[in-house]
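See structure below.
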Number of protein chains: 2
Amino acid sequence: MQTVDDSQETAPVDRKERQRQTMQAEIRATARGLLVDEGGAAVTINAIARRMGLSGPALYRYYPSQAALIDALRADFYGELIAAMRQASSHGAGDAPGSGLLAMSRSLRGWALAHPAEFGWLFASPTANREPGACDPIKSEMGHAFGQVFLEQVLAIWEAKRFPVPSIEDMPAIQAEQLRAFSERLGGRLPAEAASVYLACWMRLYGLLCMEIFRQIDFAYADMTPIYEECLQELCRLLDIAYAPPDG
Amino acid sequence: MQTVDDSQETAPVDRKERQRQTMQAEIRATARGLLVDEGGAAVTINAIARRMGLSGPALYRYYPSQAALIDALRADFYGELIAAMRQASSHGAGDAPGSGLLAMSRSLRGWALAHPAEFGWLFASPTANREPGACDPIKSEMGHAFGQVFLEQVLAIWEAKRFPVPSIEDMPAIQAEQLRAFSERLGGRLPAEAASVYLACWMRLYGLLCMEIFRQIDFAYADMTPIYEECLQELCRLLDIAYAPPDG
DNA sequence: TAACTAAAGTTAGAGGGAATAACGAGTCAA
DNA sequence: TTGACTCGTTATTCCCTCTAACTTTAGTTA
């Protein structure tokens, strides 16, 4: 049934497949260069093809549409950011509880500052702007994995040494219900009360970073490093861990 | 010198000018309808003209380019949002100090929730995405007026009854310097220490709202009303005013 | 009243982008 | 050798922005 009888047949197939994948990677790399050099509006099928010495329609052998290409590129960005965050958090592990979280948070900001155009595409896709009701599949999938990295750190802190949590009874019923559902979706590894702390921390950090990257506060602050560190200090207080200033 | 000798000459000129302005307003209204109905990508010169029963190039009599039209539309949105915020804050005035701030904050969220597409264009213009270095003139001008509305409320609270402020000596030098410069740009009406509290409050509120409107947290929270109110409670604590739950 | 002027609309067209169709050249296996 | 498959091409369609050149119309002026 299978055509995998021996290597004489599978080898060329694999080689072709690898060539195809490197071509796709080259297309995405070219698109990213265009994004960084000339802005998001310059990322067109024709412009990418021109940069690669190809004719426009050739790219449709590799991506069915411009939107698909852009989505793949955004998935790249998510992957790169998540990898950077994971690496930073593992580097800081073994020390005091929460050192991984601090390292991860700083690497998140570092990546966003180093790649503002890419970060902008993560936050709001130019593709998703097309239709009003259409939700962003990349953001739903990868955005989940994105918050997940932060969640893992909070989870580690929670499992090592519980942090203070608010009483879920004091919350409005709608909020309590949503927290319970979310906690369940997490497999119950984080109780609803602790999940509310995780979400509060994540919103604080991510919200502040967006304010900075999208320059919403630049009428007052050009350099937001101290404010970001102040935010991290408050997260540490909320999670009952020790704050350590960045080294270097 | 002036051609304003009597009404026989000025009347037709004014009438033409008025006609021109109502035409511009109609164009912007049509564009907004397109934005709301079919998304940002549908806001094209040709589509607007089609909806109005005109040919495309006719619109260039009223706006020099698509970008200019979009900028004018965004200025409309800023104006509408700011007017809503101002109205809400004046309605709540006279009562306890800070009641205006609470009303304003809630009307801000109310407007953003009612007009997510418009809010999206305030936060990140599709025009500004063109070039990487190009800053957004509308956001710089109107965004300032936007934060100003919140600032006025904080200022009123400050002048009525000082709120606790952090010591500027304890801050990093970079932050202290930026705060002093900002305070000076404000005409010294708010000292640097108090300005840091204003900015912290504004970033918290605006950042949280962006998280909600851009659905960054919808993996956990569908309805963020309680979280927004929680944030308002914390702002009240920071500004040393009484929190009052929304009526209704 | 007749001619002039300026504004507001028109069509035609250049230039670019997304996407499809139809076609040619290479590769590989039977 | 032949047939199939892949990857590239050009040609074409449709839509977009924007300019040029024109008609029409309303208001002004001699």
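Naming: A, B, ... by sequence-line order, numbering from 1 per chain.
Residues A:Pro64 and A:Asn46 each lie close to DNA chain C; by heavy-atom proximity, the contact nearer the 5' end of the strand is made by A:Asn46.
Side-chain atoms of A:Arg109 and A:Thr225 include a donor-acceptor pair closer than 3.5 Å. With 3.5 Å as the limit, one finds a donor-acceptor pair spanning the side chains of B:Tyr206 and A:Gln216.
Among C:dA18, C:dG9, D:dT9, the nucleotide with an atom closest to any side-chain atom of A:Tyr60 is C:dA18. Among D:dC18, D:dG8, D:dG27, the nucleotide with an atom closest to any side-chain atom of A:Arg61 is D:dG8. Residue B:Arg20 has its side chain nearest to C:dA8 when only D:dG8, C:dT10, C:dA8 are considered. Which of C:dG9, C:dA18, D:dC18 sits closest to the side chain of A:Gln66 comes down to C:dA18. Proximity note for B:Pro57 (side chain, C-beta onward) versus C:dT10, C:dG9, D:dC16: the nearest is C:dT10.
Per the geometry, NZ belonging to A:Lys16 stands 12 Å off P belonging to D:dC5, to the nearest Å. With rounding to whole Å, B:Ile45 atom CD1 is found 11 Å from D:dT19 atom P. In this structure, A:Glu26 atom CD and D:dC7 atom C1' are separated by 14 Å, rounded to whole Å. B:Ile27 places its CD1 atom 15 Å from the C1' atom of D:dT17, with the value rounded to the nearest Å. At whole-Å resolution of the value, CD in B:Gln19 and C1' in D:dT25 are 12 Å apart. The distance from atom CD of A:Glu38 to atom P of C:dG16 is 14 Å, rounded to the nearest whole Å. Atom CD in A:Gln21 sits roughly 16 Å away from atom C1' in D:dT6 (whole-Å rounding). When rounded to the nearest whole Å, the span between CD1 of A:Ile48 and P of C:dA19 equals 11 Å.
At C:dA18, none of the side-chain N or O atoms of A:Ser65 fall inside 4.0 Å of OP1 or OP2 (strictly under the cut-off). A sub-4.0 Å separation between OP1 or OP2 of D:dG27 and a side-chain N or O of B:Arg15 is present. Dashed line: the shortest gap from a side-chain N or O of A:Arg50 to OP1 or OP2 of C:dG17 is under 4.0 Å.
When heavy atoms are screened at a 4.0 angstrom cut-off, B:Thr44 is found touching the sugar-phosphate backbone but no base atom. Within the nucleic acid shown, A:Tyr62 comes within 4.0 Å of sugar-phosphate atoms alone, with no base atom in reach, counting heavy atoms only.
Counted within 6.0 Å of CZ on A:Arg189, heavy atoms from surrounding residues, nucleotides or ligands total 12 or fewer; the atom is thus considered open.
Note on ring orientation: taking the six-membered ring where Trp is involved, the planes of A:Phe77 and A:Trp121 are tilted (angle from 30° to 60°).
For the atom pair CG (B:Leu235) and CZ (B:Phe150), the distance works out to 5.5 Å, reported to the nearest 0.5 Å.
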